[in-house]
Amino acid sequence: MTRLSAQAVPGGRADWPGYRPEDHGVGIVHLGLGNFARAHLLAYTDTALAAEGGDWRVTGVSLRGTAVAESLRPQDGRYTLLTQGAAPSARVIGALAEVLAGPDAGAQALAAMQAPGCRIVSLTVTEKGYGITSDGRLDRSHPAVRADLAQPAAPVGVIGLIVAALAGRRTAGLAALTVLSCDNLAHNGQKLRAAVLEFAQDTGGADLAGWIASEARFPSTMVDRITPAATAATAAIAAELTGYEDQAAVDTEPFAQWVIEDDFCAGRPAWDLGGALFVRDVAPYEQMKLRMLNGAHSMLAYSGQLSGKAFVRDVMADPAHAALVRSHLAAAAATLRGLSIDLDAYADALAARFANPAIAHATAQIAMDGTQKLPQRITAPALEALATGTASRPYAFALAAWLAYLLRREADGRLLPVDDPEAAALAAALASCRGAADSIAAVAALCPDILPPALTGGAFGAALRDSLSLILSEGMAAVIAREAAQTRI
Ligand code: CS2
């Protein structure tokens, strides 16, 4: 079977780009070319290019590894996006012009960001990719931030790259850029702006920081599309629908949402024609998505991992567990203000998306990087729930599930490894802990942004200890049944 490429002749049962990709120049450099970017920003950009044209194709940068580049380069950046609804549908995306990866990716990305045609730098680098603390300061202990502060002219991390690119543009007399964070951080644009300005002040002084502050833009965004890791079935279905072999095909769900603060300094693609919503204030949407979708996701990922459920859909197939997802969604909804969205309908839609039988979204994938995810997903709404008197029990259960996940041990008593930038510190802190109270105290000392005193003391702290002790003594399945019974009262 012929490999997908720019030469591939449209056919099969797939949608092909409704424009000639090679006629369009690059306007965007995208950092972090994972499945999510390929299912989201690139799909919206593809639709915008077809609808309105413009020089808005994307140079993608893989900062970690070369596998994505190796699969996409022989295909001239083309790939199949599979939408897994009742029946799968396929669409070939043409918006990706080039992929940068490997040891020179930093230098090449910098050159691409300093090209006169580049107007937007967008990012999907995951929460841990930035080097920003959960309260929005530059994290000087982050490995890439540390390296880039020492050598700002040869940056390897995203903040260093953005500052170096903006500094170079300023020296060359070029316009600044819009920097568009598309990760699940609260106030993602605002936080990235503050960290970039702090870095610029340190490395280029007040002049550079002042220029960036007045010329560059950092809109906040809310992004949403459930995008599991691709499997062998992904490639097989893609080939069946397009007639071409594709080693870079991506699986995603039918639903997609993008809410963007309308604050760009040098234009933007017509992403609204693909369904993106441009608004003045993203914060309420961001909170809704982080607390409802992502909060419930984290809860069900840890509790799912501990009750033998490999995929999100398996959690939803267990009525007791699904009831806990529902009560988490309701508790999260009760903390939200300032939205004219029907949150009951949103919760129903989320439950249906989680249950999608065609999406194999691994609970292990969502369980990664808990230290980076839980502050905005669980702790922030828990603190608000306590302050305003709305339901808080689901948060105690979610935090207990995370702690119990961290405490999983081999038969010989060693802790099982977890995938988290703080894994080593967590393992050291928990190595000798056996009970709920000592484990909570150890993690609270290490992660006060997840377990601040308000969540370890009082009635909430008691509920947290109680849930964790029970999970440790009786197992997750028993606690799910007990919690589900409580939610029905
Ligand atoms: C998930 C998200 O992996 C995770 O932590 O909660 O990736 C989630 O699938 C997306 O935010 C959905 O838009």
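Remember, predicted model here, so these are calculated numbers, not experimental data. One-based numbering, in listed order, for ligands and for the atoms of each.
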Parallel under 30°, tilted from 30 to 60°, perpendicular over 60°: which one fits the rings of His40 and Tyr44?
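Because their plane-to-plane angle lies in the 30° to 60° range, the rings of His40 and Tyr44 count as tilted.
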Could you go step by step and tell me if Ser141 and Asp139 meet the side-chain hydrogen bond (donor to acceptor under 3.5 Å, both in side chains) rule?
CA-CA 5 Å; Ser141 66; Asp139 180 0; 2.7 Å; yes
Does any N or O in the side chain of Thr252 come within less than 3.5 Å of the main-chain N or O of Ile226, such that one atom is a donor and the other an acceptor?
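Answer holds: yes.
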Atoms of ligand 1, numbered as shown, that sit under 4.0 Å from any heavy atom of [X]:
X      : result
Asn184 : 11 (O)
His361 : 9 (O)
Lys373 : 3 (O), 4 (C), 5 (O)
Arg225 : 12 (C), 13 (O)

Under the 6.0 Å and 45° cation-pi test, does [X] pair with [Y]?
X      : Y      : value
Arg268 : Phe278 : yes
Arg353 : Phe255 : yes
Arg119 : Trp56  : yes
Arg408 : Tyr405 : yes

Shortest protein contact, atom 2 (C) of ligand 1 (heavy atom only)
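The closest heavy atom on the protein side is Asn294 ND2, 3.6 Å.
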Residue, atom name and distance, where the atom is the protein heavy atom closest to atom 13 (O) of ligand 1:
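Scanning the protein heavy atoms, the shortest distance from atom 13 (O) of ligand 1 goes to Asp224 OD1, 2.6 Å.
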For atom 11 (O) of ligand 1, which of His40, His297, Lys289 has the closest heavy atom?
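Going through His40, His297, Lys289 one by one, Lys289 has the nearest heavy atom to atom 11 (O) of ligand 1.
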Go through His297 and Phe354 one step at a time and tell me if the ring-ring contact (aromatic ring centres under 6.0 Å, His included) criterion holds.
CA-CA 9 Å; His297 249 178; Phe354 291 171; 4.7 Å; yes
For ligand 1, is any non-hydrogen atom under 4.0 Å from [X]'s backbone (N, CA, C, O), its side chain (CB onward), both, or neither?
X      : answer
Arg377 : side chain
Met368 : neither
Asp369 : neither

Taking distance alone, with N or O pairs closer than 3.5 Å, would you say Thr227 contacts ligand 1?
no
